[in-house]
Every structure is written in structure tokens, then in C-alpha cells.
Undergrad: 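Okay, handing you the structure first.
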Amino acid sequence: MGVGHTQIGIWPPPTEIALGDSREHAVTGYGYHPPVSDSLSLVELDAKSRTFLREGKVLSGGGASEVAVEWPDGMRETVGLGVKDGRLRMTVQTGTLRYRKFVDPEGLRVLLEQDPVAVFVLALRQGLKAQSSKDLIDKVVQEFPQVDASALWSKIRQAFEAHSEVRSAGTGAKLRYRIEPSQLTETSSSWGEPTVEPRDGVGPAFGNDMGADREAPRVSLSAENPRGAQAHPGSSASEKVGKRLSDSAGEAAQSAAAVDLVKELRARSRGKTGSASDSAVRRLAFERGPAVSMVAEALTNGLSDQVTVLMAHALDTPVASGVQLGHFPDEVLVAAFEKLPPNAAALGLAIPRPSKISDSLDAVKLLGDMAATRVLERAQEELLTMAAPPDAMNHLMKRGGANLVRRTVEAPGGAVIKADKLLRAVSAVAPIDDAAGSDEWTAKMLARALEAAAPGDWPRVADSERRAIAKQASRARLQPSGGRLSLLVWLARQDRVALRDPVWWDGVSFDDLSAVGSTSLAVALEDDHIRRNVVAPLAATALSEAVTRSRLFVVLAAPLSVARGLSPTHVQEHVTRVLQGDELSRRWLSAITDAENTLEVERELDRTQAREAALRESAEAAGEASQVAEDRINALAERLRGAEADSDRFRASKSRQIRLDTLRAMATLGAYVQGAVGSQSPDRISQRINSLLRREGLEPIGFPGERTEYLPARHELIGTALDAGSPVIIRGVGYILVDGEEVVVLERAIVEAIN
């Protein structure tokens, strides 16, 4: 299909709509994004709730108490900074972490969870000079006090340094980072996807040399519309969808400039209206892609007979569709899927995050075995043709592809998909960044795919594919409870002859065999062919490399299934070699070789052989007991999952009670204020409110007009940056919670510099 990660969200191809007389802000296939530079934006919030109201471009006076601003509708005016008429106005550098925290706090929180690299890039944009890793961590901590930003930085540092906008210089403590803007205005949307705005009517330029004029072939999954014969974004069916969703130019511009799609759809999922019109929401969703368009249509009561066309297009790129839907909370998806056809839920298979609705999906039950198989094949094509650079979108695509495969393999209906299809799908994904973790995940998924497949499927898998699977599994270490062990145990039960191929044992050491020699794999290790060609060579090498008594005895103490690979001649040779290395060992060796001791050794050998025979007879019974134990473990796991569900319901009940207690306290405060207004003086009301708050442990941070020193941890600065300790004046009161010796800043006071 040729669908790279850069194409996510481009359906239909990007368009551009001018806003008023200015082309500075544009609507593209990626949504609305203000320009990113060192310019300032005026952010207007509700003074009480700190809810975002609107933003404008600062034209002049960025550091003064008043600024000239141009609003998105083209109106220009001079406004004062600080709190006035119930609104809080402040200036902030456009396109930075602080800017995103004001304009889209919920989107920024989701971005931190799904793409932390993008959050640190936003922090790097917040300042025009080179910054250290500590500077970036401090900025993230300031906006997310509860997040361990240092640990997060350690995980994403390499991906951050590989980001196209990031440049670094120096080493060690002198390492500094700076932004290197590309020739296009590049931003990060509230969806966490990289976005590029076209200039002069030219389509987006991508790192994989895909221009705007190249369109990925669209393939339908419907039985009535075979591959290559279906509608695509330029067909009459798609044009009907686009025509129905399009509105007047004025309304389209309004949707691009003002619609927060996640916020709008969340409101509708809760039965609320939202701030934008349904047609504007559907228009923007249509530009995001067919999967998002289906969700928007369902929640805006806009379902039509074209929903099957959208479904076919969305399933053509199942990984991209899942990544797109992953930006919406589960409550939105649940509300939408209740109104869509039942099989639409399959679009959530590739959501790249834990999801209660997606983790329980059964793709085969939703789509049927043939369509589910084709979804796996489409996912492989997406991942195999994905652009090479390890950027943030690549990580999301890999994670989404891995989730799609895992959810399909683990679903009850996965058994009807052919084993070779499942195995190829597993082979196409590598979700974890570190090689060891990725290899272990792949081995576990290969084992689960074989366990899920029908018993007669494995013999039909071609020899070349079997060897490819074996090579993939060999990258994972053979260890107890590991994926490679599960795979080999499955083969030992179903096709022990296949295990005689040496490729299954590539990279295995004697110590690895010893570690698993007492597991269910023991029966396979005692197979004559495997013992001669796998166990014995490794045992001989381990004996020959032993140079100390401790290592010698470790080798000799290996489980029986492995120790039988030790040649008596080699044991005698290397025991003599090692024990002759020191005086004490030589005395032991002399005593062992004494005639009387030799006879005792022979008697002990007879006893050992008798025990060995008894153990042989009980090996089969032990194998059956092992199977019974595994069945009990599976039953206990099922009970544990039920207990976890009960725990979730308990936590939800506790959360509701906490919320009710909080609202009760707010109601008490509100009742007093309503009764006091008009009958008591403002000072009296203020004193009474502070008294009530202090009773709950809340203390005010200053009072309006108070002059103090700037404390970044307790103050929200209006205007340009200041050093800690600089003189400021308080414009809006904040609050702290004093709980014993712990002090928690709940709301920072609004301050501005004293000129």
C-alpha cells in the first residue's frame, strides 16, 4: 500500500482555507495551528476556573501592562494584562510548552502520555537560547509537578536528540540543546502528530519523498468490493461524503480556527452540545481521516449510507486508524461505537495505549476470519513501508501495530486464522525500543500465535517460514517463563521432530539449558537426536572451559536432562585436570582413586542408576502433573482478572464519594457567598471565605496589590521572564494547602514585574 507514517490524517488530501483577509493561519488536513516563532500570543482565561477562552496575536507591548492584540476574527484592540471583568489575560511565547498548557491542557496531558518527546521539544521552544537537560526537565516539572520528569527524560533522551528540530552541542555537563526550525513552519498539534503547513499552495513535504500529488492506493475489505475495484478518496462515493460534510466558507473557517475536536466529541459523548456546530465538527473530522470521521458522524447524529465507504477506507490502513482513534478517550469511542455498526469497533484494534474497549475486542468475531486476516495483512504493509527514522510517529505506529497483533492473537476467535498468517503478522512488528525487550515480546507472541492456531495448521507452514520463525525466536534468550521457552515447549508437544533443526537452538548456552532443564522442555532435551547434536556439544564445551572447582561442580550439578549429555570420558578427563590444580583437590582425587573408595563409588553409581530408572518411569507422570498445574494457573489467572474488575468498580465508587465530599464543601462556600452578597461588606465576605478555607488547610498566597519577590514555584508570571527574587506585584491571589509539614501549591498567584 505504501502508506508511511507521514500520511496519517491526510484523507482527503490537504486543503487550505484563508481566514478573513489573512493567510497567516490556515486549515490543512492536519487541523488548525498557529505559527511557531518567538512571537507572543495573548491568552485569555476564565479568572476563576482558569478555563481557556480565546487567544490572539500580540502586535506590540509584550512587556507592558497593556498590549495591542489581533483576535482570530481580525479585530484589533488594546487590552490590559492581569485580571479584569472575570477574565485573566497574559502573554506567552507562541508554540511553547507554557502556551500549550494554557490553550489545550487536556491535549497536553494526553501528549505527555503518548508522545513525551514532543513535550520536551515544546519545552525547548520555550526560550531563545541553548538549554541543558536540567533546564528542560525543570520546565516539564513546572507544568506537571506530579510527573517524574528526570526518569522520563532518561527514557526518551535518544529519541529527543534524533528529533528533526533538535540540535545539540558540547558534551557532559556542557551539553546544550537548541531548536533548528525547518524551512516550513512545523508544529505539534493537540493530537501529538507532527504537522507541516504548506506555503504558496504547495502540499506538505515529507521525509520519505512523498509529495502531495502521490496518493496511497486504497483497498476495500468488503466482500462485494474486491481489492482494486473499490471507491477511493477521488471516487463518487467519497465525493458524496465530502460534499455532505462541507459547509459555507465562513463556517469552515470558524471550524478550523476554533474547534477542539477532542473536546467537542467528549462533550457530545456526555450528551452535551459543545461550542461548535455539528457540521463544523464533521468537517474537521473528515479532514482527519475516515476513522475519525465515523466517530464524529456517530456523535453528531450524522450517520448516512456512506458509513460503509468510510469503514472500508479506515480498514485499509488499520494501524493509522487506530493511532488516530487513540487520541480520543474511551468514553468518546464507547459512545460512538454504540451508534455505529458492530464491526466498526475493530477500528480500535491498533489503539497504541491500554484501552478497556480495545483490549477486549475479538477481531474475528467482529469482522469474520477472512476480513480479520486481511486487516492483519494491511497492518503488515503499513509497518513494512513505514519511514525509517525513529521519530515519535514511528513509535506510535509500531506500538499500535503491536497492539493490533496482540489483540488479534489473544482473542478467542484468533484460532480460526491460519497459523502462517498469524506468524507473519507477529514477524512484522517490533513494538519495544530496546532490542532485548522487543525480541522477548516477539517470541511470546509467536508462541501465543501457535497456541491460538488450529492444531492442523502447523504442518501446513512452509519449511522456509518455519526457519524464519526459528531465527526470530533465537534472538530472545532461552530462560524460565520466557517466550522462547513457551515456543519450544509447544513444539516439543506438537512436533518434536521439528526441534531437531539446529536453528531452533541458535545462541543457546549450556547455562541456558541448565536453567530450563527442569521445565516441561526436559522431555525434548532427552530426545536422542537433540541430546547428541545440541546438549552434548554444549556440555563438552562447558567442561573444557571449566578452570575452577566451583565452575566444574556447577556443570556437574546440571539437571538430569542436561547432565546426560556429559560424556563419562570427558568428565573423568576434566575432573582430573581441574582437581590437580591445587593441593587440596589432589588429595581428594587420590582418595577417590583409592581401591576401597573406588568400590564405594561403584556402589553409589549403582544406586544412582536405580534412582535414574525410577525417575525415568515417573517422568511421564511428572509431565501430566505439569499440565494439570498449568491448567490451574490459567484458572487462577481468570479469577484474578475478575478480581481486578471488582477492584476497578470499588475505586470508581471511592472516587465518586471523594467528589461528592468536595462538591459539598464548595456548596457550603457558595451558599454563604450567595447569602452574604448585598448584606455584608466585601471585606467581611473575604475574611469569612478565607476563614472557611483556612479551616480546610488552605492559605492564600498574598493579596492583590501586594509587592513581593518572584517565586516561580508559587507565582504565575505575566509578561517576559524574570529571575527568582525579582520584585513583582500580585494581580491575582493563589492558594496553598498546608497538611502537617507538607505544603502543596494548588493555585499559583498571578504576578507581574514592577517596572
Side-chain angles (χ1 to χ4, degrees), residues 11 218-227 230-231 237-238 241 265-266 268-271 282 285-286 288-379 400-401 403-417 421-422 425 452 641 645:
W11 189 91
R218 298 285 176 177
V219 183
S220 172
L221 295 178
S222 62
E224 301 79 16
N225 216 353
R227 182 169 185 166
Q230 80 299 335
S238 293
V241 179
L265 293 182
R266 181 188 285 112
R268 284 164 172 79
S269 70
R270 297 174 177 176
R282 290 197 295 270
F286 183 73
R288 293 289 187 185
V292 179
S293 186
M294 291 178 65
V295 171
E297 290 225 323
L299 296 180
T300 58
N301 299 316
L303 289 178
S304 70
D305 56 353
Q306 301 301 330
V307 71
T308 55
V309 176
L310 294 172
M311 180 73 175
H313 283 300
L315 286 179
D316 276 345
T317 53
V319 179
S321 295
V323 170
Q324 291 167 342
L325 294 183
H327 298 299
F328 297 93
D330 281 351
E331 63 175 316
V332 171
L333 301 181
V334 169
F337 290 155
E338 287 177 349
K339 299 181 180 181
L340 290 168
N343 60 357
L347 297 176
L349 285 169
I351 289 178
R353 58 170 171 79
S355 170
K356 292 182 179 179
I357 58 172
S358 299
D359 290 341
S360 60
L361 287 178
D362 188 332
V364 177
K365 184 177 180 180
L366 290 171
L367 300 171
D369 57 337
M370 294 183 62
T373 300
R374 285 195 289 270
V375 166
L376 285 176
E377 292 172 345
R378 299 294 189 272
N403 281 349
L404 184 148
V405 171
R406 175 181 59 79
R407 288 161 178 157
T408 304
V409 169
E410 294 181 346
V416 303
I417 299 180
K421 304 293 186 181
L422 289 175
R641 283 192 287 271

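The basis for the numbers below is simple: all heavy atoms, side chains too, and nothing from hydrogens, waters or symmetry mates. A quick note: this is a predicted structure, and the numbers were derived from the prediction, not measured.
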Undergrad: Could you tell me which non-hydrogen atom of Gly401 sits nearest to which non-hydrogen atom of Val319, and how far apart they are?
TA: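 Heavy atoms of Gly401 and Val319 come nearest at N-CG1, 3.8 Å.
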Undergrad: With sequence neighbours excluded, what pairs up with Asp330 under the salt bridge (Lys or Arg N to Asp or Glu O under 4.0 Å) test?
TA: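 Partners of Asp330 under the salt bridge (Lys or Arg N to Asp or Glu O under 4.0 Å) test: Arg353.
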Undergrad: Determine which pairs satisfy side-chain hydrogen bond (donor to acceptor under 3.5 Å, both in side chains) with at least one residue from residues 333-347, sequence neighbours left out, and list them in order.
TA: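 Sorted pair list comes back empty.
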Undergrad: Provide the closest heavy-atom pair for Arg378 versus Leu315 in the form atom of the first, atom of the second, distance.
TA: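 Closest heavy-atom pair between Arg378 and Leu315: CG-O, 3.9 Å.
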Undergrad: Could you give the distance from OG (Ser293) to CZ (Arg288), rounded to the nearest 0.5 Å?
TA: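 Between Ser293 OG and Arg288 CZ, I get 12.5 Å after rounding to 0.5 Å.
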Undergrad: Which value, rounded to the nearest 0.5 Å, describes the distance between Leu367 atom CG and Leu349 atom CG?
TA: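 So the CG of Leu367 and the CG of Leu349 are separated by 7.0 Å.
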Undergrad: Got a sec, which residues hit side-chain contact (heavy atoms from CB on, under 4.5 Å) with Glu331, two or more places apart in sequence or on another chain?
TA: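 Residues passing side-chain contact (heavy atoms from CB on, under 4.5 Å) with Glu331: Arg266, Ser269, Arg270, Pro329.
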Undergrad: If you define the side chain from C-beta out and look only at heavy atoms, does anything of Leu310 sit under 4.5 Å from Glu297?
TA: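 Sidechains of Glu297 and Leu310: in contact.
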Undergrad: Less than 4.5 Å apart, side chain to side chain, heavy atoms only: is that true for Arg407 and Ser355?
TA: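 Sidechains of Ser355 and Arg407: in contact.
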Undergrad: Considering only heavy atoms from C-beta outward, does the side chain of Asn403 approach that of Ser358 to under 4.5 Å?
TA: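 Asn403 vs Ser358: side chains apart.
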Undergrad: Quick one: does Ser321's side chain have a donor or acceptor within less than 3.5 Å of a partner on Ala314's backbone?
TA: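 Side chain of Ser321 to backbone of Ala314: a pair is present.
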Undergrad: Looking at every non-hydrogen atom in both residues, tell me the closest pair between Pro352 and Gly400 and how far apart they are.
TA: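 Closest pair (atom of Pro352, atom of Gly400, distance): CB-N, 3.7 Å.
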Undergrad: Would you call Val292 and Gln324 a side-chain contact if the rule is heavy atoms closer than 4.5 Å?
TA: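 Yes, at least one pair of side-chain atoms sits under 4.5 Å.
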Undergrad: Do you know which two heavy atoms are closest between Ala379 and Pro318, and how far apart they sit?
TA: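 Heavy-atom minimum between the residues: N-CG, 3.9 Å.
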Undergrad: Determine whether Leu333 and Ile351 make a side-chain contact, defined as any pair of heavy atoms from C-beta on separated by less than 4.5 Å.
TA: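 With C-beta onward as the side chain, the pair touches.
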Undergrad: When you measure from the side chain of Ser360 to the backbone N and O of Lys356, does any donor-acceptor pair fall under 3.5 Å?
TA: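 It does hold such a pair.
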Undergrad: What distance do Leu361 atom CG and Thr408 atom OG1 have between them, rounded to the nearest 0.5 Å?
TA: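 OG1 of Thr408 is found 9.0 Å from CG of Leu361.
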Undergrad: Over all heavy atoms of both residues, which pair between Leu299 and Ala336 is shortest? Give the atoms and the distance, please.
TA: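 Reported closest heavy-atom pair: CD2-N, 3.7 Å.
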Undergrad: Do Asp359 and Arg406 come close enough that some side-chain heavy atom pair is under 4.5 Å?
TA: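 A side-chain contact under 4.5 Å exists here.
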Undergrad: Roughly how far apart are Met294 CE and Leu347 CG, rounded to 0.5 Å?
TA: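 Separation between the atoms: 5.5 Å.
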Undergrad: Quick one, Thr300 and Arg268 - any side-chain contact, counting heavy atoms below 4.5 Å?
TA: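 Yes, close enough: below the 4.5 Å cut-off.
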